[in-house]
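Notes follow once the structure below has been shown.
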2 protein chains.
Amino acid sequence: MRLTHKQFRELAAKHGLPVTHQRQVVYEAVIASHRHHSPEDIYAAVRRRIPSISLATVYNNLRLFIECGLLREVTPHASTLRVDGNLEPHHHLVCSRCKSVQDIEGDFIDLKRLSRQLPGGFDLSQPLIEVFGLCRSCSAKK
Amino acid sequence: MRLTHKQFRELAAKHGLPVTHQRQVVYEAVIASHRHHSPEDIYAAVRRRIPSISLATVYNNLRLFIECGLLREVTPHASTLRVDGNLEPHHHLVCSRCKSVQDIEGDFIDLKRLSRQLPGGFDLSQPLIEVFGLCRSCSAKK
DNA sequence: TATTGAATAATAACTATTATAAAACGAGCG
DNA sequence: CGCTCGTTTTATAATAGTTATTATTCAATA
Ligand SMILES: [Mn+2]
Ligand SMILES: [Mn+2]
Ligand SMILES: [Zn+2]
Ligand SMILES: [Zn+2]
């Protein structure tokens, strides 16, 4: 863990973020496992080192880290259910900022290469793809 | 609307779903616009034709339609925030059933073709891709 | 028409997340 | 050292989206 200790201090300095013990431990909990965890997961892990930590602190710092680019959000969708009546196979273009979704067509996937990277047993019989970026109005704004 | 009227009756029959007035109208509201709507959007639209409808009925029927394959869910992620400490550019493989996420590497996107399909102004400077399918254990189960 | 099972409406409950306010902290300074 | 001030954390209330519960309505059948 000495490694991530230093890693966090450097990252925080680069983004002008004051380092606190809580932040340090939250960050380390995220990268300790190479997985994609929920705030509750992180909270449970951090509590083993800081039993008094508040769930709000975990949320606050995860949000902060995501905004600063220290962490990546794995679920860059609108937080509510969205439905699609179009059953034709098609893909989606999602704006990471405003969460808007538009259809996109075309065979831009190299299925051969993709399946070469695929872990065994993964069923990709009709692959659905989402491509994330910034929509026109969002990329104009910033 | 006569078209979707008939279309819904046929789809419902195919899936053994009893047709009710509410279901008919909810379905029509979804495909009336070629967009990706939230349950509240649908609720607002349906209320103009059935003022007494309950929000729960909208939710129930949207879920039902998704399960039967009459509609597609646009947000097939875990419903809670997930964070990723890996900042190296990489893509994700998401299981549509259990919502598990794993990293996937490799250049399986034809960026030339993709940008040909891209609407003007969409910023794809570092494209993130998510590929949806069924993970090994989920595809084994069913 | 009476019976019965399914769908709906009204509303309560629940869960994830955010907002608020008070307490604790900590760097800088006399 | 103590004090001060801005920041962070904690505890908790509030909110939003969704699901569960239950009484009512509906529609098909006998
Ligand atoms: Mn679509
Ligand atoms: Mn990842
Ligand atoms: Zn946008
Ligand atoms: Zn799965």
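Numbers restart at 1 for each chain; the letters A, B, ... are given by sequence-line order, proteins then strands.
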Which of these nucleotides, [options], is closest to any side-chain atom of [X]?
| X | options | result |
| --- | --- | --- |
| Leu81(A) | dT18(D), dT10(D), dT8(D) | dT18(D) |
| Tyr59(B) | dT9(D), dG17(D), dA16(C) | dG17(D) |
| Ala56(A) | dA19(C), dT8(D), dT11(C) | dA19(C) |
| Ile53(A) | dT18(D), dT8(D), dT10(D) | dT10(D) |

Subject >> Polar side chain donor-acceptor pair, Asn60(A) to Thr57(A), under 3.5 angstrom >> reply: no
Subject >> Distance-only polar pair, side chains of His34(B) and Asp103(A), donor-acceptor under 3.5 Å >> reply: no
Original post:
Starting at the 5' end of DNA chain C and moving along, which residue's nearest nucleotide shows up first, Pro39(A) or Ile50(B)?
Top reply: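 Whichever sits nearer the 5' end wins; that is Ile50(B).
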Just the rounded figure in Å: distance from [atom2] of [N] to [atom1] of [X].
| X | N | atom1 | atom2 | result |
| --- | --- | --- | --- | --- |
| Arg23(A) | dT9(D) | CZ | C1' | 10 Å |
| Arg47(B) | dT8(C) | CZ | P | 17 Å |
| Arg63(A) | dA16(C) | CZ | C1' | 11 Å |
| Arg82(B) | dT17(C) | CZ | C1' | 14 Å |
| His21(A) | dG26(C) | NE2 | P | 10 Å |
| Asn60(B) | dA10(C) | CG | P | 14 Å |
| Gln24(B) | dT8(C) | CD | C1' | 16 Å |
| His77(A) | dA16(C) | NE2 | P | 19 Å |

Quick one: is [N] close enough that its OP1 or OP2 comes under 4.0 Å of any side-chain N or O from [X]?
| X | N | result |
| --- | --- | --- |
| Asn61(A) | dT9(D) | yes |
| Gln22(B) | dA9(C) | yes |
| Thr20(B) | dC26(D) | no |
| Ser54(B) | dT8(C) | no |
| Ser79(B) | dG17(D) | no |

Original post:
What is the nucleic acid contact for Ser52(B), judged by heavy atoms within less than 4.0 Å: base, sugar-phosphate only, or nothing?
Top reply: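 Result for Ser52(B) = sugar-phosphate.
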Original post:
What nucleic acid atoms does Thr57(A) come within less than 4.0 Å of, heavy atoms only: base, sugar-phosphate, or nothing?
Top reply: base
Original post:
So among Leu71(A), Val74(A), Leu70(A), which one has a side chain to side chain contact (heavy atoms under 4.5 Å, CB included) with Val83(B)?
Top reply: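 Testing each of Leu71(A), Val74(A), Leu70(A) against Val83(B), the sole residue satisfying side chain to side chain contact (heavy atoms under 4.5 Å, CB included) is Leu71(A).
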**OP:** Step by step, work out the side chain to side chain contact (heavy atoms under 4.5 Å, CB included) result for His92(B) and Ile104(B).
**Re:** CA-CA 5 Å; His92(B) 285 143; Ile104(B) 184 171; 5.6 Å; no
Original post:
Is it true that Phe132(B) and His77(B) have ring centroids separated by less than 6.0 Å?
Top reply: yes
